[in-house]
Amino acid sequence: MYNFLKSGNPFPISIKDIEEIEKNFNIKFPIQLRNFYLSYNAIDIDVCIIKVNENKYEVAKIIPLKTGKNSFEDLKTDELIDKIIPESFMPFARDRGGAYYYWDNNNSGIYIIYPDFIEQPILICYTISEFFSLLQISDN
């Protein structure tokens, strides 16, 4: 169990749901993110402040795979149409101010992209596992 989860009921999804999304977007979810979605899809989290070097970043939500508006499916579909975010970037979390966190399907890196600086992704860490570790030790 993760210490940053709020109590509540997740919106259940199945391995079939994940495999369908992987097929539709030609991706493969990292194991830890896949497992998180199977257990906790759409559950609320505490706002976390993660520290990377001397910088602090807020994480307010892990984006659900399926639940309608602002799900992974909806966001990624819109991004593919808009062609502003790199195609290999997959949204999975956000802050309260409109910045999104992405994992790069090409190299597994985790990036944050601020709405006013879309052309300048900031590398946060190198894997989903490292990102979840940062959430575990964050200032809430």
Side-chain angles (χ1 to χ4, degrees):
M1 175 108 169
Y2 296 101
N3 65 1
F4 54 84
L5 298 177
K6 289 186 176 180
S7 62
N9 296 321
F11 182 86
I13 60 165
S14 68
I15 193 70
K16 185 177 178 181
D17 293 322
I18 292 174
E19 289 170 348
E20 179 183 309
I21 290 170
E22 288 178 332
K23 182 180 176 189
N24 290 344
F25 293 101
N26 195 30
I27 60 172
K28 188 76 173 167
F29 284 99
I31 295 297
Q32 189 168 8
L33 188 56
R34 176 187 275 235
N35 291 339
F36 183 89
Y37 282 130
L38 286 170
S39 298
Y40 305 112
N41 183 54
I43 199 164
D44 288 332
I45 68 169
D46 291 322
V47 174
C48 299
I49 305 298
I50 59 175
K51 296 175 186 170
V52 179
N53 300 320
E54 300 299 317
N55 300 309
K56 293 182 180 182
Y57 302 94
E58 178 189 273
V59 182
K61 179 84 175 158
I62 304 295
I63 296 167
L65 279 185
K66 291 184 164 202
T67 59
K69 188 175 181 184
N70 293 322
S71 67
F72 172 88
E73 282 184 309
D74 288 349
L75 290 168
K76 191 60 192 168
T77 299
D78 289 348
E79 289 172 358
L80 288 171
I81 292 167
D82 294 342
K83 298 184 185 221
I84 296 172
I85 303 296
E87 191 172 323
S88 66
F89 277 33
M90 305 297 146
F92 76 96
R94 66 174 173 78
D95 70 6
R96 292 180 290 189
Y100 282 87
Y101 291 87
Y102 295 85
W103 58 274
D104 188 339
N105 193 46
N106 290 339
N107 68 19
S108 301
I110 306 302
Y111 298 84
I112 187 170
I113 297 180
Y114 290 99
D116 294 338
F117 301 98
I118 291 176
E119 313 81 27
Q120 300 170 2
I122 299 168
L123 178 66
I124 299 297
C125 56
Y126 296 100
T127 66
I128 286 287
S129 295
E130 188 179 353
F131 184 81
F132 277 104
S133 294
L134 290 170
L135 292 179
Q136 287 284 96
I137 62 170
S138 73
D139 295 335
N140 304 14

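A 4.5 Å side-chain heavy-atom check between W103 and N105 finds at least one atom pair inside the cut-off. Side-chain contact check for V59 versus V47: every heavy-atom pair is 4.5 Å or farther apart. You'll find the side chain of P30 stays beyond 4.5 Å of the side chain of T127, heavy atoms only. Two residues are said to be in side-chain contact when any heavy atoms from C-beta on lie closer than 4.5 Å; P121 and Y102 fail this criterion. I124 is listed as a side-chain neighbour of Y57, based on a closest heavy-atom distance under 4.5 Å. Using a 4.5 Å heavy-atom cutoff, the side chains of L75 and N70 are in contact.
Of all heavy-atom pairs spanning D95 and E58, the tightest one is CB-O, 3.2 Å. When all heavy atoms of N41 and I13 are compared, the pair lying nearest together is ND2-CG2, 3.3 Å. Smallest separation of non-hydrogen atoms from L135 and C48: CD2-CB, 3.8 Å. Across K6 and I43, no two heavy atoms sit closer than the pair O-CD1, 3.5 Å. The heavy-atom pair separating K61 from A42 by the smallest distance is NZ-O, 3.8 Å. When all heavy atoms of L38 and S14 are compared, the closest pair comes out as CD2-C, 3.6 Å.
Ring geometry for F132 against F36 counts as tilted: the plane angle lies between 30° and 60°, on a 0 to 90° scale.
Side-chain N/O atoms of Y100 and E79 include no donor and acceptor closer than 3.5 Å.
Every residue two or more places apart in sequence or in another chain that forms a ring pair (Phe, Tyr, Trp, His ring centres under 6.0 Å) with F131 is listed here: F92, Y101. In terms of the ring pair (Phe, Tyr, Trp, His ring centres under 6.0 Å) criterion, residue partners of F25 (sequence neighbours excluded) are, by chain and number, F72.
Distance CG/L65 to CZ/R34: 10.0 Å, rounded to 0.5 Å. To the nearest 0.5 Å, the span separating CD1 on I50 from CD on E130 amounts to 9.5 Å. Here the OG-CD1 distance, from S71 to I63, works out to 9.0 Å after rounding to the nearest 0.5 Å. To the nearest 0.5 Å, atoms CG (D104) and CG (L123) are separated by 10.0 Å. In this structure, OH in Y2 is found 9.0 Å from CD1 in I62, a value given to the nearest 0.5 Å.
Placement of I15 and Y37 within a single hydrophobic cluster is found when ILVMFWY residues are connected by side-chain heavy-atom separations under 4.5 Å, directly or transitively.
In the displayed structure, E87 atom CD is contacted under 6.0 Å by at most 12 heavy atoms of other residues, nucleotides or ligands. Heavy atoms from other residues, nucleotides or ligands lying under 6.0 Å from CG of N26 number 12 at most. In this structure, Y126 places its OH atom where only 12 or fewer heavy-atom neighbours from other residues, nucleotides or ligands lie under 6.0 Å away.
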(message) side-chain contact (heavy atoms from CB on, under 4.5 Å), that's the test. Do T77 and N24 meet it? Break it down for me.
(response) CA-CA 10 Å; T77 299; N24 290 344; over 6 Å; no
(message) Show, in sequence, the C-alpha distance, side-chain angles and deciding distance for L134 and C125, and conclude whether the side-chain contact (heavy atoms from CB on, under 4.5 Å) test is met.
(response) CA-CA 9 Å; L134 290 170; C125 56; 4.3 Å; yes
Can you give the donor-acceptor pairs under 3.5 Å from side chains of residues 106-118 to other protein atoms, not counting sequence neighbours?
unit_1 : atom_1 : unit_2 : atom_2 : d
N106   : ND2    : S88    : OG     : 3.4
N107   : OD1    : G109   : N      : 2.7

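With E73 contributing its side chain and I21 its backbone, the two residues share no donor-acceptor pair below 3.5 Å.
For the pair K66 and E20, the salt-bridge criterion is met [side-chain N within less than 4.0 Å of a carboxylate O].
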